[in-house]
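For reference, the structure discussed in these notes is given below.
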Amino acid sequence: MRNTLAIARKELNIYFTTPLPYALFAVSTVFMGFFLIGVIQKFQQLSLAALRMPELIDSSLLNLTDLVVLPCIHQTGLLVALTAPFLSMRLIAEEKRQRTFELLMTAPVRPIELVLGKYLSGVLILTLTLALAFLAPAMLERFAISVDGQSGIEWNTVRVAFLGLFLWASAAMAIGLFVSALTDSQAVAAIISLLALILLWSVGWMGQSAEGVVQTVLIHLSAPNHLMGFVQGLVRLEDLVYFLSFVALGLFLSHRAIEGQRWT
Amino acid sequence: MAMMIEVEGLTKLYRERAAVNALSFELKAGEVLGFLGPNGAGKTTTMRMLTGFLPPTSGTARVAGFDVFESPLEVKRRIGYLPEQPPVYLDMTVRDYLAFCARIKGVHRRDMRREIERALDAARVADVQERLIGNLSKGYRQRVGLAQAILGAPPVLILDEPTVGLDPVQIIEVRSLIRDLASSGQHTIILSTHILSEVTELCQKVLILKSGEKLAFDTIEGLRQQILEGRQASLEELYLRLIEGKASVASADGDATAPTDARMTGQVTASPAIDAPKAVDQKPSPAQPMATSAAPEPDPAPAPKNGPDVRTDADRVSDVQADATAQGDSRHAASAAKSDAIEATTDADKGAPTDNRAQAAD
């Protein structure tokens, strides 16, 4: 436990010495801004349409949570798929390239402690990036008022949506950690985990054109479909199992990869 | 005194090729071993196996009685290791780095501060403790690596070419640091190096490895006795004699085990290096009395034998040399001349410090 924390702490120390997290925060903020502007424009158009044709659109359904914040959070899921590989790529690959892996492997540290420490730091820093997505509902809470004059944000739903985002980020980090454990090249680690995550993100679209069992499998593999449950405010067992099994599998395989390192 | 390091039949195969072949040696607590051999001889591989970084293909290694394979954590707790390239994080400050190392090495929270200060002072890096390691010179990085190795005062220190690539002043500094560590008597040290005067100066014992085979393991004085029959000579000359295959020494713990590899034997008969075993055969080998009953070979004496499966130490030396026979003869001549020259210059300065070291270890 102490070793795990020591390693996580060291990782965070290095992360924040390098410009990487700041660059990622900046890029993430820009993208989230785009997402927010996009959905707010849509919301605006819908609201105008509702004013003109009140008989077609029930304006009581137009609320900021369902039409602005939640779509925004769902889109942030794509941002996770795009940023997680750049946070996870260095975790183990860099240790190997810099020969510091030898230090870790000759210190009285169990491989599992190493894996958990690395993973913990990765998840922490990714969660920190995601916390920026809280800016959107926070701003809306401050400046926007819904039809009934109340605050426009249903915080409970938003929190559940963030839980989903966090689980997706955890899964992405576990996959990235495993890929990073397989190579000593950060670029290779980034590219492979990026491809894997984009595949998980987009596999559902392929499923739409497939048929039968293939379609079922593809749709169940699709990350956005599982994230959607959380975004709708539902904590479903299948979604939990989906994300947590990626976490478990990623950590298990990372551990194997590190153990296996000693046997080659 | 119990043995601090016991290595028995340690072998590492990379596919077919043996990087280290059936290496055995023992070190008592407080001894300092100079680990010599040409590049690619298997020094680093041996060190990595001792530290638990690489698993051996076969054989065992024990540190303070713990098997490297069976209780790796116990072994790792007792070893401070400086790999050839210092394992430093370029994006950390020296102090943060040492704090991290102290934590994963299990230094108690209470002693942490004191221990880091001690390592900073001992390695003489206290003046750069707040700087990023990436901005330090190579010499400083090397010393930071050394500071890391001595954190937690491990009973065993394994240093892989700690002075390589340093300028003369830095070499002297690192060497004096190692000398301090050695003379404290608290550390058993394995030091690999190419600088022979370093070994004369710092070590009581020498282990010479070539192509994964142990050529010699003894005290410097013992080697002198065996190879040169007591004649005063520098370690350089001893080393060149062994490496160039002019002599071979069975070590005190009896390593006359003869590999019977028909393929290699065939190479020997075809090679000009065959004159090497002859040279040894003519005089009764001084090594013979040292070869003990541990040897499975019924008669380890290097008497001339023609059977393909009865092989002497000298044969093995010529075997491992067989791949380099093309330049072999000219190299013999050159090295003989070189060793004479070196002998003249180093004889004078090697005496006193070595003797002191030997006494300290007793």
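Chain letters run A, B, ... following the sequence lines, proteins first and then strands; every chain starts at 1. Computed from a predicted structure; not experimentally measured.
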Answer yes or no: does atom [atom1] of [X] have more than 12 heavy-atom neighbours from other residues, nucleotides or ligands under 6.0 Å?
{"X": "A/Phe16", "atom1": "CZ", "value": "yes"}
{"X": "A/Phe31", "atom1": "CZ", "value": "no"}
{"X": "B/Glu117", "atom1": "CD", "value": "yes"}

- Message: Taking side chain as everything from C-beta outward and backbone as N, CA, C, O, which of these in A/Glu95 sits under 4.5 Å from a heavy atom of chain B? Side chain, backbone, both or neither.
- Response: side chain
- Contacting moiety of A/Leu5, where chain B heavy atoms sit under 4.5 Å: neither
- Message: Does anything in residues 123-134 of chain B reach chain A? List residues with heavy atoms under 4.5 Å apart, or say none.
- Response: B/Leu132
- Query: Among residues 78-107 of chain B, which residues come closer than 4.5 Å to chain A, judged by heavy atom distances?
  - Reply: B/Tyr81, B/Pro83, B/Gln85, B/Pro87, B/Val88, B/Tyr89, B/Leu90, B/Asp91, B/Met92, B/Asp96, B/Tyr97, B/Phe100, B/Cys101, B/Arg103, B/Ile104, B/Lys105, B/Gly106, B/Val107
- Item | Contact winner vs chain B - A/Arg2, A/Lys10, A/Arg99, A/Gln98, heavy-atom pairs under 4.5 Å | A/Lys10
- Message: As an exercise: rank A/Arg9, A/Glu102, A/Glu113, A/Glu94 by heavy-atom pairs under 4.5 Å with chain B and give me the winner.
- Response: A/Glu102
- Message: Let me confirm one number: the CG-OG1 distance from B/Leu54 to A/Thr106, rounded to the nearest 0.5 Å.
- Response: 11.0 Å
- Task: Provide the closest heavy-atom pair for A/Met105 versus B/Phe53 in the form atom of the first, atom of the second, distance.
- Result: CB-CD1, 3.5 Å
